[in-house]
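Computed from a predicted structure; not experimentally measured.
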Amino acid sequence: MNALRLALYSLSKQPGFLLTTVLTLALGIGLVTTQYSLLDATLIKPLPFPDGARIWHVARAGAPGTGGWSSIDLQEFLLQREGQQSFETLAGFRSETYNLSSGDGPPQRLWGSAVTAEFFGLLRVQPILGRTFVAGEDQPGAPLKAVLGHAVWRDGLGGDPAVIGRSVRLNGESAEIIGVMPPGFVFPTTDTVWVNLRLPAVGSALDPMRAVQGLGLLREGVRPEAAAAELELGARRFRASRGLPEDDVEPMRVDRLNRAYFGGGTVPVLATLLAMTGFVLLLACLNVANLLYVRAADRTRDLALRRALGAGRGQLIRHLMAESVLITAIGAAAGVALAALGVDWLSRAITERMDTLGWVRYDLNVRVLAVAVGAAVSAGLIAGLIPAWRASRVDVGLILRSDGRGSVGNSGRGQRWMVAGQLAFACTALIVATLMAQSASRSADLTLAYDPDTLVIGRLELQGPAYVEAEARTRFYATLVERVAQAPGVAAAAASSRDLVDSGVLTPVQVEGVSYARSQDM
């Protein structure tokens, strides 16, 4: 405490130095904390539900090396669910879009999911009105039931408390409203309507349009790799029951939901950004270390007097490190304040500019604050320990015999190394930033094979019983293209499962007049 009081008194006599070092460290700590909050919310934070850390995404592994996944045939998933022991609960869901028409206004286009009866029970989320799905409502031919999100109920249906039992039309089919979820519940992506996933008739043909994803509550002590292996055995049993080759089984993938949706190219991008902010923090530490080094060099006579009066090297190091600790503590507090502003801005910017998973929240939670503390401790050690150790090695006799303040031992060499380190890290960060900016600029200036200013792209998905058969979907798109091509001002029209920018939907292709024994042959 004496060392801290003395350090505080010493720093208060140089407010300009204190402000410069604090702001330098605050900028580095704030940037690292803000960037880590993005990584934490995207890939690390568990789902915001009871036992969220035990909720895992279940799907087939995608193509080797891609890190992706694909859905599971519904009938195969049901057989896997019956025979598995790795999950306490295993629910299936299929993400879709819905046209909701209530008769009171224009239809609403909504993201939603068809889910099995276990879905809401697994998440342990209760509706504020009505109920969720129960066993028996997933049988083939069962009437369509709907659970609405709070925003849809409030804005689309006027927040009517008597909405339970009312019928609306979803993709042209009548659906009974059985429940309304609490405010803020949006899951698994941006879904705001959920319907009962009705099972196919026994013995019906495999249909890739009925493929589902799984959501499982993993049992305590069970590893996800073991759960994936067990589900793969279930897939083999399913193929054997259908007379299909058992060796042609795609591996199963059990992963965190956020990693399943944000995996692939997201991880290296976030890691690169975090590394760049780490460079900024390291550069800030070197700047502060250099300032402390210069300050220690200006105080060599005072340090020499302390040594002459009996102070040991440990006491001198403790005194100088106390100043570094105070600077780091104030810088960490200011850095966390900057991070709070940065996280708030980042959250609003991402929400406004792109679609994100509804349950992803960017905040300063315990893990993010732990990273901030770790960054601050590391910064304090890097910035203060080397200058303090060098300053403690003063030649007492030489300094006291000299008329001037002198220098801290061989300070010139150490200072040159610090300046060299600053330049090295600054150049590295500048080169990486320049390359990324150049890549973005080149991507924007690519020569396209078409004129983007005359191209209009629209998105349309066919859902519901009217478009179950491939022939019905084909007729619809053929008619659509023909009518759009005849519209005034249209030079040409086409339909595709992929646009000119994104990879699009992995759609199976069927040759007319050819039958397929296996869904993966399509």
Side-chain angles (χ1 to χ4, degrees), residues 47-52 55 57 74 77-78 81 88-199 210 212-217 257 357-361 463-465:
L47 294 176
F49 306 110
D51 290 325
I55 298 177
H57 180 262
L74 177 55
F77 173 79
L78 295 176
R81 186 177 66 178
E88 292 182 12
T89 308
L90 186 58
F93 68 96
R94 180 175 62 243
S95 296
E96 298 178 341
T97 55
Y98 294 92
N99 279 334
L100 185 149
S101 177
S102 62
D104 298 335
Q108 302 178 65
R109 189 67 168 172
L110 305 173
W111 282 104
S113 289
V115 303
T116 60
E118 303 85 3
F119 184 81
F120 290 103
L122 185 151
L123 300 175
R124 301 183 189 178
V125 178
Q126 298 298 322
I128 59 172
L129 290 177
R131 62 174 178 86
T132 57
F133 306 113
V134 297
E137 292 179 332
D138 57 356
Q139 296 305 306
L144 191 64
K145 310 285 186 179
V147 175
L148 302 181
H150 188 271
V152 176
W153 168 69
R154 180 195 62 207
D155 301 334
L157 299 174
D160 182 7
V163 73
I164 303 302
R166 179 176 169 182
S167 293
V168 294
R169 299 195 70 80
L170 290 174
N171 291 342
E173 183 178 0
S174 178
E176 178 189 354
I177 300 174
I178 62 172
V180 175
M181 298 307 292
F185 178 80
V186 181
F187 191 82
T189 55
T190 56
D191 298 26
T192 53
V193 60
W194 301 265
V195 302
N196 49 322
L197 178 61
R198 292 167 292 184
L199 309 181
R210 288 200 302 260
V212 297
Q213 306 168 49
L215 197 66
L217 185 64
L257 192 69
L357 302 183
W359 43 268
V360 171
R361 297 289 184 270
Q463 306 279 356

Review point. Any donor-acceptor pair under 3.5 Å linking the side chain of Arg198 with the backbone of Ala142?
Key: yes
Revision key, fill the gap. Value for CG (Leu197) from CG (Leu74), rounded to nearest 0.5 Å, stands at 5.5 Å
Determine all donor-acceptor pairs shorter than 3.5 Å in which one atom belongs to a side chain in residues 149-161; sequence neighbours excluded.
unit_1: Trp153; atom_1: NE1; unit_2: Asp160; atom_2: O; d: 2.8
unit_1: Asp160; atom_1: OD1; unit_2: Ala162; atom_2: N; d: 3.0

Practice item. Provide the full list of salt bridge (charged side-chain N to carboxylate O under 4.0 Å, His left out) pairs with a residue in residues 139-153, sequence neighbours left out, each pair given once. Key: Lys145-Glu176
Donor-acceptor contacts, no H, no angles, side chain residues 121-138, under 3.5 Å, sequence neighbours left out:
unit_1: Arg124; atom_1: NH1; unit_2: Asp51; atom_2: OD2; d: 3.1
unit_1: Arg124; atom_1: NH2; unit_2: Asp51; atom_2: OD2; d: 3.0
unit_1: Arg131; atom_1: NH1; unit_2: Glu137; atom_2: OE1; d: 3.4
unit_1: Arg131; atom_1: NH1; unit_2: Glu137; atom_2: OE2; d: 3.1
unit_1: Arg131; atom_1: NH2; unit_2: Glu137; atom_2: OE2; d: 2.6
unit_1: Glu137; atom_1: OE1; unit_2: Val134; atom_2: N; d: 3.2

Exercise for review: Determine the minimum heavy-atom distance between Gly214 and Phe77, stating which atoms define it.
Suggested key: CA-CE1, 3.9 Å
Check your understanding: Looking at CD of Gln108 and OG of Ser101, how far apart are the two atoms once the value is rounded to the nearest 0.5 Å?
Key -> 9.0 Å
Point to revise | Passing option when Val168 is tested against Leu144, Val163, Ile177 for side chain to side chain contact (heavy atoms under 4.5 Å, CB included) | key: Ile177
Practice item. Would you indicate whether the side-chain heavy atoms of Phe187 and Phe49 approach each other to under 4.5 Å? Key: yes
Review point. If you measure from OG1 on Thr192 to CH2 on Trp111, what distance do you get to the nearest 0.5 Å?
Key: 11.0 Å
Practice item. Output all residues satisfying side-chain hydrogen bond (donor to acceptor under 3.5 Å, both in side chains) with Ser113, sequence neighbours left out; order by chain, then residue number. Key: Asp191
Exercise for review: Output all residues satisfying side-chain contact (heavy atoms from CB on, under 4.5 Å) with Val360, sequence neighbours left out; order by chain, then residue number.
Suggested key: Ala41, Phe262, Leu357, Tyr362
Exercise for review: Using a 4.5 Å cut-off on heavy atoms from C-beta on, say whether the side chain of Tyr98 contacts that of Val195.
Suggested key: yes
Point to revise | side-chain contact (heavy atoms from CB on, under 4.5 Å) against Glu88, all qualifying residues, sequence neighbours excluded | key: Arg54, Leu217, Arg219
**Study point:** Nearest-0.5 Å distance, CG of residue Leu90 to CG of residue Leu215
**Key:** 8.0 Å
Check your understanding: Is the backbone of Pro143 close enough, under 3.5 Å, to the side chain of Asn196 for a donor and an acceptor to pair up by distance?
Key -> yes
**Study point:** Side-chain (Asn171) to main-chain (Thr97) donor-acceptor, under 3.5 angstrom
**Key:** yes
Revision key, fill the gap. Separation between CD1 (Ile178) and CG (Leu148), nearest 0.5 Å, reads 9.5 Å
Practice item. Any chance you could measure Phe93, atom CZ, to Thr116, atom OG1, to the nearest 0.5 Å? Key: 10.0 Å
Practice item. Could you label the plane-to-plane angle of the Trp194 and Phe185 rings as parallel, tilted or perpendicular, counting under 30° as parallel and over 60° as perpendicular? Key: tilted
**Study point:** Residues Arg109, Glu96; criterion salt bridge (charged side-chain N to carboxylate O under 4.0 Å, His left out); working and verdict
**Key:** CA-CA 11 Å; Arg109 189 67 168 172; Glu96 298 178 341; over 6 Å; no
Check your understanding: Got Arg169 and Leu100 here, is their nearest side-chain heavy-atom distance under 4.5 Å?
Key -> no
Review point. Is there side-chain contact between Gln213 and Pro188, with heavy atoms separated by less than 4.5 Å?
Key: no
